[in-house]
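Numbers here are sequence positions counted from 1. Not measured: the values here are computed from a predicted model.
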Amino acid sequence: MGFQMQPYGIQSMLKEGHKHLSGLDEAVLKNIDACKQLSTITRTSLGPNGMNKMVINHLDKLFVTNDAATIVSELEVQHPAAKILVLAGKAQQEEIGDGANLTISFAGELLQNAEELIRMGLHPSEIISGYSKAIKKATEILEELVEKDSDKMDVRSKEEVISRLLAAVASKQFGQENILCPLIADACIQVCPKNPTNFNVDNVRVAKLLGGGLHDCTIVRGMVLKTDAVGSIKKVEKAKVAVFVSGVDTSATETKGTVLIHNAEQLENYSKTEEAKVEELIKAVADSGAKVIVSGAAVGEMALHFCERYKLMVLKIASKFELRRFCRTTGAVAMLKLGQPNPDDLGIVDSVSVEEIGGVRVTVVRNEEGGNSVSTIVLRGSTDSILDDLERAVDDGVNTYKAMCRDSRTVAGAAATEIELAKRLKEFSFKEIGLDQYAIAKFAQSFEMVPNTLAENAGLNAMEIISSLYAEHAAGNFKFGIDLEEGVCKDASSMNVWDLFVTKYHALKYAADAACTVLRVDQIIMAKPAGGPRRGDQPAGKDED
């Protein structure tokens, strides 16, 4: 028997196979490094000239996009510290729906600057206290930079909405924002309730149809269903609608029964009664004044035959969420089983018609006068990935509209706000005593990441631009930003580039929080992974759903 050495220290406490990293070099700097890698990925996608990323996820689905929220959710990030940044980006996406990239890139920049401070000999807790003071001051400065009178806004005025949407949409689809913004603004204004703070993002739908180009995009007050109508009636105008959840068919009984039939006559009568029953049900629906039947499940052959006879149009909507939206559009109440509907349960549509768009038959449900609670933007494009990217741009626009319904204050865009924040925080750091001032100065320097990245992504000389921006801001022009097309510094208000105050505020707050959380970690202790199949692995033959 060989001499076995007894484990000591932390080894004797934990099971074998665990990992334990502690101290500055192993834990803190490794964490910072992982977060820097993540922010390097998203940073090149920042701004209007941001590059696209090609991400292939674990199900072999291809994403070509510059939307940071999509990128980080499809990269399955394993490192625990980098996951904190991903969560900060997701929180921003849930809260505002735009600015996830700024959150992740800015947090990465803060951590990179913290690494330099740690190497200089500062303790992480000093950096954290400096960063906390800096973010507090930054939010105060941000409040001062708000554009005058921008808080008084009419959310139903198309011009004002478009001016605030331009920057959000341009960062996803640069050069096409002048086509997309009016569409998004129209769609949002149509479904905006009396109290704008109750605006529901789900009420603006997107239908993606292959073929055509951006100029063929239209907007429909109502819904666009990607299915053909069942039966031969393809167009109905000014009609009442009955919605049945369980499908239009004869219902089979729960119990099993045996029927004895003695002669041919009984057999004939037996099948006739079934026919009569179905006819009676369909007739009851037709008598109630409904012209359109919407079914949530299959439509039986016999039922369809009688629907044709009574000139009823039949639609089938398989998804129950879609069915709910349909009820919201038409004001109908979904009924459980086939029968005569109450007059109150019927919905009203202006027209239901089957149209062919780009070789695909779609059913367009229009509701112009009635409760215009749903509107649909029909997007056209040549490939699926272009359509997906357009949808993300629209999604960002609609979320920005929701944010501006709550708080419509704006600040100057095009990196003007960031440079002003950097300048004022730098001045603030000189007034501080103690070691915090180095952290505050680095926090201020981190803001240069935004103009730096915008300039680099547009292929301009970043150093020149930042120095000329600082010169303009020192002269008191705090609205000067970068004009990416001409590569010069210009007044953001003349270029009409505005960012929402809430987007900036939350992005900076989440980024600073995430950076401080990562800096607070000084040990990483990982237990030995459990045996058996990994959590991510599906058993063979099963797919994601």
Side-chain angles (χ1 to χ4, degrees), residues 187 190-191 203-205 207 209 218-250 278-357 360-378:
Q190 275 177 19
V191 299
N203 285 342
V204 178
R205 308 298 308 156
L209 298 172
T218 51
I219 188 171
V220 174
R221 293 189 81 158
M223 284 178 75
V224 175
L225 307 170
K226 283 191 169 179
T227 49
D228 194 350
V230 195
S232 60
I233 299 167
K234 301 292 188 197
K235 185 165 186 186
V236 176
E237 288 192 358
K238 295 256 183 297
K240 290 187 175 170
V241 189
V243 180
F244 299 106
V245 183
S246 57
V248 180
D249 203 352
T250 48
V278 177
E279 179 167 14
E280 185 188 327
L281 289 171
I282 303 286
K283 187 170 188 300
V285 176
D287 289 347
S288 69
K291 294 262 186 68
V292 182
I293 290 185
V294 178
S295 153
V299 181
E301 296 278 317
M302 196 183 291
L304 186 60
H305 162 75
F306 286 113
C307 287
E308 296 282 304
R309 184 184 284 181
Y310 286 105
K311 299 267 184 296
L312 296 176
M313 180 176 186
V314 184
L315 297 177
K316 181 178 165 216
I317 303 178
S319 144
K320 66 176 181 191
F321 299 106
E322 215 46 347
L323 200 63
R324 277 180 206 163
R325 281 185 211 110
F326 183 86
C327 290
R328 249 203 338 251
T329 312
T330 56
V333 178
M335 283 162 288
L336 272 175
K337 57 178 201 278
L338 190 60
Q340 178 157 13
N342 288 337
D344 308 346
D345 293 349
L346 294 178
I348 298 173
V349 286
D350 279 345
S351 72
V352 182
S353 58
V354 177
E355 296 172 17
E356 193 164 314
I357 303 181
V360 185
R361 299 195 78 129
V362 293
T363 309
V364 180
V365 181
R366 284 195 175 79
N367 212 352
E368 304 288 341
E369 295 103 48
N372 48 355
S373 51
V374 178
S375 66
T376 305
I377 298 176
V378 181

If you look at every heavy atom in [X] and [Y], which pair is closest and at what distance?
X: Ala242; Y: Met335; answer: CB-CE, 4.4 Å
X: Ala303; Y: Val278; answer: CA-CG1, 3.8 Å
X: Ser353; Y: Arg366; answer: OG-NH1, 4.2 Å

Look at atom [atom1] of [X] and say whether more than 12 heavy atoms of other residues, nucleotides or ligands are closer to it than 6.0 Å.
X: Ile219; atom1: CD1; result: yes
X: Glu301; atom1: CD; result: no
X: Lys234; atom1: NZ; result: yes

Ignoring hydrogens and angles, tell me if any N or O in the side chain of [X] forms a donor-acceptor pair with the backbone of [Y] under 3.5 Å.
X: Thr363; Y: Thr227; value: yes
X: Lys291; Y: Val236; value: no
X: Glu279; Y: Phe306; value: no
X: Asp228; Y: Val354; value: no
X: Ser295; Y: Phe244; value: no

Rounded to the nearest 0.5 Å, how far does [atom2] of [Y] lie from [atom1] of [X]?
X: Lys226; Y: Ile357; atom1: NZ; atom2: CD1; value: 10.5 Å
X: Asp287; Y: Glu280; atom1: CG; atom2: CD; value: 10.5 Å
X: Arg324; Y: Ile317; atom1: CZ; atom2: CD1; value: 13.0 Å
X: Ser375; Y: Asn367; atom1: OG; atom2: CG; value: 12.0 Å
X: Leu346; Y: Ser288; atom1: CG; atom2: OG; value: 5.0 Å
X: Arg309; Y: His305; atom1: CZ; atom2: NE2; value: 4.0 Å

Hey, are Lys235 and Glu237 close enough for a salt bridge, meaning a charged N less than 4.0 Å from a carboxylate O? yes
Hey, which of Leu304, Ile233, Ile282, Val292 is the one that makes side chain to side chain contact (heavy atoms under 4.5 Å, CB included) with Leu312? Ile282
Does any non-hydrogen side-chain atom of [Y] lie less than 4.5 Å from one of [X]?
X: Val374; Y: Phe326; result: no
X: Leu323; Y: Val243; result: yes
X: Arg205; Y: Val224; result: no
X: Leu209; Y: Val378; result: yes
X: Ile377; Y: Val204; result: yes
X: Met313; Y: Val352; result: yes

Side chain to side chain contact (heavy atoms under 4.5 Å, CB included) evaluation trace for Val294 with Val241: CA-CA 7 Å; Val294 178; Val241 189; 3.7 Å; yes
Given side chain to side chain donor-acceptor pair (under 3.5 Å), test Asn203 with Arg328 step by step and report yes or no. CA-CA 9 Å; Asn203 285 342; Arg328 249 203 338 251; 2.8 Å; yes
